[in-house]
Amino acid sequence: RPVADRTYHHGDLKAALLLAARGLVEELGADAFTLREAARRAGVSHGAPAHHFGDKTGLLTQLAAQVLGINPRHTGARVLLAELALDETKRTDAAAEVDKALAVNPNHFEALSLKAAIAWLDKRNDDYTATTDALLKLNPTFGEVYRVVGGVAARQYRFEEAAELTRRALTVDRENVRAYADLGAHLIDQRLARRQAVLAVAVGPEAAVVVVGVQHGEFQRTSGTRQR
């Protein structure tokens, strides 16, 4: 147990973790956030965040609540809550947080990117196109919108579409370093998914149907039931 961990009072430790978490999110974004790195930056044991907040979602949700308690119009906190809701496939909750952010700033790039991602997931093609077009009108080199949508696709195990969207991000902005990293991850995940499909065929036709369905976004992440 680090010496620094023993110097904190119970309340101070939580405050230190929230402060470290805020710095990480502002620097790297919520998708790159890890509890271990938050603990390292706070100077506490790597198990401390889970003990106090449960998991990544618990810590970041409390962080957003803390920020909104100080400033209810903080768009970054709303975007963070939307991202967390999308991670848990709660699209309605995510859309509500995006709407609150856009009510404060209609041209908020991250909020508009998430709005595009939700429209893409819901197969509302006209809304998706209108939102991405609006963003590119504001900034013709903002390929980040396609990277964000690609990341959402990947979390739904739709790796082929994720890779295609991320390539599009790089077509718009060839200097998007995070898009290069994401593309590599999506391609690796795509190969692994295909390998799993081949192995599933050997197990039996029902297993193969489930694996292929997951690859095409036909199943929820946490169960084998088809999405309604």
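- Between V149 and S113, every side-chain heavy-atom pair lies at or beyond the 4.5 Å cut-off.
- Each of N176, T166, L170, V172 was checked for a side-chain contact (heavy atoms from CB on, under 4.5 Å) with Y146, and the lone residue meeting it is V172.
- By the criterion of side-chain heavy atoms lying less than 4.5 angstrom apart, applied directly or through intervening Ile, Leu, Val, Met, Phe, Trp or Tyr residues, I188 is not grouped with Y180; the two fall into different hydrophobic clusters.
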(request) May I have the step-by-step check of side chain to side chain contact (heavy atoms under 4.5 Å, CB included) for L35 and H46, ending in yes or no? (result) CA-CA 7 Å; L35 291 179; H46 63 80; over 6 Å; no
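- For residues 95-118, every residue pair satisfying the ring-ring contact (aromatic ring centres under 6.0 Å, His included) rule, not counting sequence neighbours, is listed here: F109-F142.
- Of the inter-residue distances, the one linking K115 atom NZ with T132 atom OG1 reads 11.5 Å to the nearest 0.5 angstrom.
- Ion pairing of E26 with R22 is present here, as a side-chain N (NZ or NE/NH1/NH2) and a carboxylate O approach within less than 4.0 Å.
- Using a 4.5 Å cut-off on side-chain heavy atoms (C-beta onward), Q66 and L63 make contact.
- Across every non-hydrogen atom of G150 and A162, the tightest pair is O-CB, 3.2 Å.
- Residues V152 and A117 share a closest heavy-atom pair of CG2-CB, 3.8 Å.
- Shown here are the side-chain contact (heavy atoms from CB on, under 4.5 Å) partners of D127, two or more places apart in sequence or in another chain: A119, R124.
- For residues 142-152, every residue pair satisfying the salt bridge (Lys or Arg N to Asp or Glu O under 4.0 Å) rule, not counting sequence neighbours, is listed here: D31-R147, E144-R147, R147-D182.
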(message) L68 vs L81, test: side chain to side chain contact (heavy atoms under 4.5 Å, CB included). Steps then yes/no.
(response) CA-CA 11 Å; L68 289 170; L81 288 174; 3.8 Å; yes
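- Put simply, CG on D87 and CG on L60 are 9.5 Å apart, with the number rounded to the nearest 0.5 Å.
- Residues L121 and L86 form a side-chain contact, since some pair of their non-hydrogen atoms from C-beta on lies under 4.5 Å apart.
- How far OH of Y157 is from CG of L192: 12.0 Å, rounded to the nearest 0.5 Å.
- In the hydrophobic clustering of ILVMFWY residues, with side-chain heavy atoms under 4.5 Å counting as a link, V104 and L138 come out apart.
- Evaluation of the side chain to side chain donor-acceptor pair (under 3.5 Å) test over residues 56-65, restricted to residues two or more places apart or in two chains, returns none.
- T75 OG1 to E110 CD: the interatomic distance, rounded to the nearest 0.5 Å, is 8.0 Å.
- A 4.5 Å side-chain heavy-atom check between K14 and F53 finds at least one atom pair inside the cut-off.
- Contact detail for L59 and P49: the closest heavy-atom pair is CD1-CB, 4.1 Å.
- Residue L102 is grouped with residue L114 when hydrophobic side chains (ILVMFWY) are merged at heavy-atom distances under 4.5 angstrom, including chains of intermediate members.
- We find the CG-CZ distance between D173 and R178 to be 12.5 Å, quoted to the nearest 0.5 Å.
- Between atom CG of residue N125 and atom OG1 of residue T129 there is a gap of 6.5 Å, rounded to the nearest 0.5 Å.
- Around CG of D126, the count of heavy atoms belonging to other residues, nucleotides or ligands within 6.0 Å does not exceed 12.
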(request) Go through the steps for L165 and W120 under the test side chain to side chain contact (heavy atoms under 4.5 Å, CB included), then give the verdict. (result) CA-CA 11 Å; L165 285 158; W120 183 85; 4.0 Å; yes
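- Under the salt bridge (charged side-chain N to carboxylate O under 4.0 Å, His left out) criterion, R41 pairs with E27, E37, sequence neighbours left out.
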For residues 94-101, which side-chain donor-acceptor pairs fall under 3.5 Å, sequence neighbours excluded?
| from | atom 1 | to | atom 2 | distance (Å) |
| --- | --- | --- | --- | --- |
| E97 | OE1 | R78 | NH1 | 3.1 |

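- Linking ILVMFWY residues whenever their side-chain heavy atoms come closer than 4.5 Å, directly or via other members, leaves F159 and L183 in distinct clusters.
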